[in-house]
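Numbering starts at 1 and runs along the sequence shown. In listed order, ligands and their atoms are each counted from 1.
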Amino acid sequence: MKYKFETDKKDFSHFASGRVLYNAANTTAFPVRLASEIIQRSFYILEGKGFFGPYKIYDPCCGGGFLLATIGLLYYDKISEIIATDFNNEVLETARKNLSLLSREGLNRRKKEIEGYIEAFGKESHMQALKSVEYFETLIGERNIRIKCMQRDITDKKDFPITGVNIIITDIPYGNIVNWKGVNEAPISSLFENCYKALDKKASVLVIVADKKTKLEHNLFKRIEHFKLGKRQIGFFEPIIRV
Ligand SMILES: C[S@@+](CC[C@H](N)C(=O)[O-])C[C@H]1O[C@@H](n2cnc3c(N)ncnc32)[C@H](O)[C@@H]1O
């Protein structure tokens, strides 16, 4: 895969999991360069349809919210709302904390927490974390991004009150660290169906990150881009408008 947007290898160490962004147990941090590449490709697709945002973004397998929080920090002004759902209530605690960093109040809270660690332990890593909070303060705008964070089984096809989403980006369970949970025996198909219901059909893109073996296709969607990187495949889909 050739990067189209993140062509230079930048230093994303401010985003290191556990530094300012919180680390959820049994989750892995999503690579920041890849997250940035994916979201810029999504913006480009929507701009091609004449829609310049700000965008409503949803991750239905949000885990600790690392992916959404990094996207929120990097592209603050392009986002109006972030919705995060996951089957697992425990990881949602971390997601809430990570997404709270997308506001001055949340960053101030984190700053005080880190200052407390510096006072207690005086570690170099905590000094670096403080620098990263200061860097994040330069990224966020005056207008707050609306945040919604709640429990949901994305394999359950019962109605759910999320609609009008422009970008769904989700890193689905791969099977080694995290497996699919929930009621449904065909999780990928149900994921596509539920995402279809949530998307704004006129201006939207669905991005699924999965392991290379998973078959990513559904008759409600047209695949518009696809690439592989390391152990992952990334598929971009647009909803087919049914008449
Ligand atoms: C690869 S992790 C996502 C990590 C996330 N992108 C992050 O940045 O922290 C996959 C997530 O899917 C969730 N999951 C598993 N089954 C689910 C289901 N039926 N509905 C919603 N989420 C589910 C797991 O709890 C896990 O948090």
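- Taking every heavy atom of Asn88 and a limit of under 4.0 angstrom, the matching atoms of ligand 1 come to 25 (O).
- Counting the atoms of ligand 1 from 1 in the order shown, those under 4.0 Å from a heavy atom of Pro60 are 21 (C), 22 (N).
- By the 3.5 Å distance cut-off applied to N or O atoms, Phe87 is counted among the residues near ligand 1.
- The local environment of OH in Tyr44 is sparse, with at most 12 non-hydrogen atoms from other residues, nucleotides or ligands closer than 6.0 Å.
- Under 4.0 Å is where a charged nitrogen must lie from a carboxylate oxygen, and between Arg104 and Glu137 no such pair does.
- A ring-ring contact (aromatic ring centres under 6.0 Å, His included) with Phe15 is found for one member of Tyr22, Phe30, Phe136 and no other, namely Phe136.
- Numbered from 1 in the order shown, with element, the atoms of ligand 1 that lie under 4.0 Å from a heavy atom of Asp153 read 18 (C), 19 (N), 20 (N).
- For Cys62, every heavy-atom contact with ligand 1 shorter than 4.0 Å involves the backbone, none the side chain.
- The atoms of ligand 1 that sit less than 4.0 Å from any heavy atom of Leu67 are 6 (N), 8 (O).
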After noting the C-alpha distance and the side-chain angles of Gln40 and Ser36, does the key distance pass the side-chain hydrogen bond (donor to acceptor under 3.5 Å, both in side chains) rule?
CA-CA 6 Å; Gln40 288 184 82; Ser36 179; 3.1 Å; yes
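- Taking only nitrogen or oxygen atoms, main chain and side chain alike, Asp86 reaches within less than 3.5 Å of ligand 1.
- Between Phe43 and Phe52, the ring center distance fails the sub-6.0 Å criterion.
- Contact annotation: for Thr170 versus ligand 1, there are no heavy atoms closer than 4.0 Å.
- Residue-to-ligand polar distances place Gly64 within reach of ligand 1: an N/O pair is separated by less than 3.5 Å.
- Ionic pairing of Lys158 and Asp156 is present here: one or more N-O contacts between side-chain nitrogen and carboxylate oxygen are shorter than 4.0 angstrom.
- Contact atoms of ligand 1 toward Gly65: 9 (O) (distance under 4.0 Å to a heavy atom of the residue).
- Backbone and side-chain nitrogen or oxygen atoms of Gly182 are examined, and none is located within less than 3.5 angstrom of a nitrogen or oxygen of ligand 1.
- The closest approach between any non-hydrogen atom of Val209 and ligand 1 is not below 4.0 Å.
- Residue Arg152 approaches ligand 1 through these ligand atoms, each under 4.0 Å from one of its heavy atoms: 20 (N), 21 (C).
- With ligand atoms numbered from 1 in the order given, ligand 1 contributes 9 (O), 27 (O) to contacts under 4.0 Å with heavy atoms of Gly63.
- At a cut-off of 3.5 Å, with distance as the only test, a side-chain donor of Tyr58 or Thr85 sits close to an acceptor on the other residue.
- Ion pairing between a basic and an acidic side chain is recognised when a charged N comes within 4.0 Å of a carboxylate O; Glu115 and Lys112 show no such pairing.
- A salt bridge links Glu193 with Lys157: the distance from a Lys NZ or Arg NE/NH1/NH2 to an Asp or Glu carboxylate oxygen falls below 4.0 Å.
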